[in-house]
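In the text below, chain A, chain B and the rest are named by the order of the sequence lines, each starting its count at 1.
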2 protein chains.
Amino acid sequence: MAATRADVARAAGVSPALVSYVLNGGPRPVSAAARERILQAVEELKYRPNKIAQSLRGSRTHSIAMLMPDHLNPHFAELAQAVENESFANDYMLMIGTTDNDLTRELSYLHSFMDRQVDGLLLISATAHPDVTSITEAGIPVVLLDRAPPGSLFSTVVIDNRQGAFAAVQHLLGHGRKSPVCISGPPDIEAIIQREAGWSDALTASGHSAPLPWRTSLSRQGGYAAMRAILAADVQPDSLFTVSDVQAFGAIRACVEAGQAVPRDISVVAFDGTEAGLFTQPRLTSVDQAVRSIARTAIDTLLGQIRDQDTSPVHHVLRPELRLGESCGCQTQRQ
Amino acid sequence: MAATRADVARAAGVSPALVSYVLNGGPRPVSAAARERILQAVEELKYRPNKIAQSLRGSRTHSIAMLMPDHLNPHFAELAQAVENESFANDYMLMIGTTDNDLTRELSYLHSFMDRQVDGLLLISATAHPDVTSITEAGIPVVLLDRAPPGSLFSTVVIDNRQGAFAAVQHLLGHGRKSPVCISGPPDIEAIIQREAGWSDALTASGHSAPLPWRTSLSRQGGYAAMRAILAADVQPDSLFTVSDVQAFGAIRACVEAGQAVPRDISVVAFDGTEAGLFTQPRLTSVDQAVRSIARTAIDTLLGQIRDQDTSPVHHVLRPELRLGESCGCQTQRQ
DNA sequence: ACCGGCAATCAACACGAGTTGAGGAGTTCA
DNA sequence: TGAACTCCTCAACTCGTGTTGATTGCCGGT
């Protein structure tokens with residue numbers, strides 16, 4: 001249906017090779033007359049090179065893939081948007097696969113990506129299953145996000161989760177809170193462990209002893225259920241640190257339903273700094289991940305490795321900042 | 001780097017054709033002995049057919065594309081997740097392009113999708129620019145969402161936006177509210193116009209006259225800015241209908257900052273029924289779009305048209321339901 | 001007149017798969 | 001014994017592109 005290079009060549013009365021030369025700035029000069037006729041034929045036939053054929057011939061698909069947990073967590077949604085913007089700006093097509101923490105689904109997507117010959121791979125908070133690395137040993141450039149295995153062969157882009165969490169909990173304690181509990185996530189995610197550690201650091205640094213974190217899924221429902229469990233337990237916390245914004249949303253909902261006011265009775269600090277947290281009531285105090293910086297850094301290093309296949313892995317560590325709302329007890333401007 | 005069909009054939013001591021026969025159940029029988037050796041070679045070499053080559057030969061890429069406004073609106077994020085789940089279940093790769101209401105970007109993505117020979121296209125709330133249809137006249141199956149041009153050549157999946165909005169506003173009036181204002185969106189989106197109409201219908205049906213809607217972007221910032229403008233104007237509304245959940249989030253934030261309690265001073269009803277609205281304070285009363293049904297219907301019809309290229313377009317209309325929270329003034333269970 | 005060199009062009013191959021027409025080996029039937 | 005037929009196998013073509021070795025025509029130099 002669509003016109004091919006041969007059609008253009010026929011219409012212009014030249015060989016197919018010349019058409020390639022003109023469109024790609026081939027290695028040989030082309031006479032002005034031929035160039036003219038070819039460009040006109042391209043215009044008339046609305047010819048566009050078939051990317052599939054180009055990929056087969058050149059083994060470059062100009063597409064990258066990203067594996068992430070889900071779209072429902074606004075943090076990942078924001079990350080997806082930022083990464084897509086960067087890909088688009090660099091003229092790369094982005095394919096997104098969500099895993100929902102299902103190893104089978106994750107491997108299935110990875111195989112699909114390899115079969116489709118993506119030029120690069122972005123792995124976000126994926127599980128560190130050995131099969132994953134065995135698949136990607138095929139030599140395709142990979143950048144890991146939120147996960148930094150020591151001495152990784154892959155490039156990594158992480159934020160300082162431990163320091164970020166530390167600063168957040170320290171801020172809570174600065175408000176005079178004595179017993180912050182922690183709602184945490186799946187312990188197989190490196191970033192989560194680091195945030196738990198930051199929370200624990202802050203407590204011990206102030207002479208408190210850290211209780212066990214309440215681990216649940218990174219979701220509104222998870223935060224909601226965990227907070228209900230906490231409130232049903234005998235200890236009554238005066239403050240809360242969650243390792244994600246969504247968990248805070250759920251937890252605050254649970255507090256309100258139990259008649260506990262936020263931040264009066266329980267003050268809350270979270271982690272992610274999503275846009276959604278700027279419009280809740282009260283506004284969420286949260287560690288800002290600066291997703292746009294993460295996305296830009298990740299895409300830049302990935303595309304860099306695609307250009308120069310054998311560069312040694314780079315490890316970026318970004319520094320998050322605490323974004324203040326009212327959920328921690330601060331009185332921010334009410335205009 | 002990766003093994004090819006020729007490698008397998010060589011390892012098994014047969015011709016490449018036989019390998020295809022065994023793996024695809026070719027049109028010719030294969031002896032048990034040969035089949036055995038081939039399968040073993042496939043196993044040993046970890047052979048996986050190159051999808052690029054398959055696509056070039058067969059002109060089927062087993063991938064579909066979706067064009068949507070953005071990832072930041074949780075409604076679209078939920079829709080993306082639902083569509084991706086359906087695609088995955090049907091073994092199709094999904095490519096997502098976001099437009100952010102930028103016609104240039106939209107056309108750019110459409111061209112990219114065509115160049116990559118996607119098998120089908122899902123257009124969500126895209127602008128109805130003539131260039132769009134001219135591109136898609138190439139014969140590739142298309143399903144439109146939230147947009148139903150009368151007598152469209154494309155299949156459509158829409159919800160009854162007008163009826164849904166009507167029911168929502170009627171519910172507001174049932175609470176004794178007299179002057180509901182409307183925060184609306186870009187008027188070039190069919191669905192938005194319909195929701196405005198439903199709002200207007202409900203007002204006139206109750207003997208009220210409908211003022212002009214306040215049009216802004218479908219975002220938290222849009223709702224926030226619009227509500228501030230409304231509160232700054234001379235008329236003081238007692239209730240609000242927004243054409244999207246995100247706008248309600250922003251608007252409620254603006255109300256709270258202005259000292260107006262929701263739902264006491266201003267009761268709110270929105271449209272989308274996102275999960276996020278279940279965890280706000282107060283919970284959002286909203287018209288539930290049932291994204292999973294939409295996604296399933298859309299993918300089913302799209303894949304159907306991919307299988308039978310020349311089926312006539314189908315038009316699905318789903319019926320939304322009002323999901324009650326407390327933002328409208330209802331006292332729902334506080335458990 | 002002859003040859004070298006340059007500019008311009010083209011035929012042909014490769015990428016990796018699916019598919020088909022042809023043909024070899026073996027079996028059945030006359 | 002030869003013909004017809006079945007069962008299996010393979011070489012060869014196709015998809016649409018990028019690239020290269022070869023070829024043509026022309027010009028200038030000796």
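- Both A:Pro29 and A:Ala17 lie close to DNA chain C; mapped to their nearest nucleotides by heavy-atom distance, the more 5′-ward contact belongs to A:Pro29.
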What donor-acceptor contacts under 3.5 angstrom involve side-chain atoms of residues 79-89 of chain B, with partners at least two apart or in another chain?
residue : atom : partner  : partner atom : Å
B:Gln81 : OE1  : A:His71  : N            : 2.7
B:Gln81 : NE2  : A:Thr98  : OG1          : 3.1
B:Gln81 : NE2  : B:Asn85  : OD1          : 3.1
B:Glu84 : OE1  : A:Thr98  : N            : 3.4
B:Glu84 : OE1  : A:Thr98  : OG1          : 3.0
B:Glu84 : OE2  : A:Thr98  : N            : 3.2
B:Glu84 : OE2  : A:Thr98  : OG1          : 2.8
B:Glu84 : OE2  : A:Arg105 : NH2          : 2.7
B:Glu84 : OE2  : A:Tyr109 : OH           : 2.8
B:Asn85 : OD1  : A:Arg105 : NH1          : 3.3
B:Asn85 : OD1  : A:Arg105 : NH2          : 2.9
B:Asn85 : ND2  : B:Gln81  : O            : 3.4
B:Ser87 : OG   : B:Val83  : O            : 2.9

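- B:Leu218 places a side-chain heavy atom less than 4.5 Å from the side chain of B:Ile192.
- Note on residues 27-69 of chain A: pairs passing ring pair (Phe, Tyr, Trp, His ring centres under 6.0 Å), not counting sequence neighbours, are A:His62-A:Tyr92.
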Could you pull out every donor-acceptor pair under 3.5 Å between side chains of residues 4-17 of chain A and any protein atom, sequence neighbours left out?
residue : atom : partner : partner atom : Å
A:Thr4  : OG1  : A:Ala6  : N            : 3.2
A:Thr4  : OG1  : A:Asp7  : N            : 3.4
A:Arg5  : NH1  : A:Ser20 : OG           : 2.9
A:Asp7  : OD1  : A:Arg10 : NH1          : 3.3
A:Asp7  : OD2  : A:Thr4  : N            : 2.9
A:Ser15 : OG   : A:Ala17 : N            : 3.4

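- The side-chain contact (heavy atoms from CB on, under 4.5 Å) check on B:Thr61 picks up A:Ile52, B:Ser55, B:Ser63, B:Gln117, B:Asp119, with sequence neighbours excluded.
- Between B:Thr99 and B:Met68, every side-chain heavy-atom pair lies at or beyond the 4.5 Å cut-off.
- Contacts with DNA chain D (heavy atom under 4.0 Å) in residues 30-39 of chain B: B:Val30, B:Ser31, B:Ala34, listed by number.
- Pairs passing the ring pair (Phe, Tyr, Trp, His ring centres under 6.0 Å) check and including a residue from residues 9-31 of chain B, sequence neighbours excluded, do not occur.
- Within the structure, the salt bridge (Lys or Arg N to Asp or Glu O under 4.0 Å) test picks out the following pairs touching residues 46-57 of chain A (sequence neighbours left out): A:Arg48-B:Asp115.
- Rounded to an integer number of Å, the gap from CZ of A:Arg28 to P of D:dT20 is 8 Å.
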Do any N or O atoms of the protein come closer than 3.5 Å to N or O atoms of nucleotides 14-18 of chain D, and which pairs are they?
residue : atom : partner : partner atom : Å
D:dT14  : O2   : B:Arg57 : NH1          : 3.0
D:dT17  : OP1  : A:Tyr47 : OH           : 2.7
D:dT17  : OP1  : A:Asn50 : N            : 2.9
D:dT17  : OP2  : A:Arg5  : N            : 2.5
D:dT17  : O5'  : A:Tyr47 : OH           : 3.4
D:dG18  : OP1  : A:Asn24 : ND2          : 2.9
D:dG18  : OP1  : A:Gln54 : NE2          : 3.0
D:dG18  : OP2  : A:Ser20 : OG           : 2.8
D:dG18  : OP2  : A:Asn24 : ND2          : 3.2
D:dG18  : N7   : A:Arg5  : NH1          : 2.7
D:dG18  : O6   : A:Arg5  : NH2          : 3.4
D:dG18  : N2   : A:Arg57 : NH1          : 2.5
D:dG18  : N3   : A:Arg57 : NH1          : 2.3

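- Nucleotides of DNA chain C with any atom under 4.0 Å from a heavy atom of chain B span, from 5' to 3', C:dG16 to C:dA22.
- Between A:His316 and A:Ile294 the shortest side-chain heavy-atom distance does not fall below 4.5 Å.
- With values rounded to the nearest 0.5 angstrom, B:Asn50 atom CG is found 11.0 Å from A:Arg116 atom CZ.
- For the 3.5 Å distance criterion, the side chains of B:Gln305 and B:Gln309 fail to qualify, holding no donor opposite an acceptor.
- Under the side-chain contact (heavy atoms from CB on, under 4.5 Å) criterion, B:Ser293 pairs with B:Ala290, B:Leu318, sequence neighbours left out.
- An angle of 80°, rounded to 10°, separates the two end axes of the helix from C:dA1-D:dT30 to C:dA30-D:dT1, each defined over five pairs.
- With sequence neighbours left out, B:Asp70 forms a salt bridge (Lys or Arg N to Asp or Glu O under 4.0 Å) with no residue at all.
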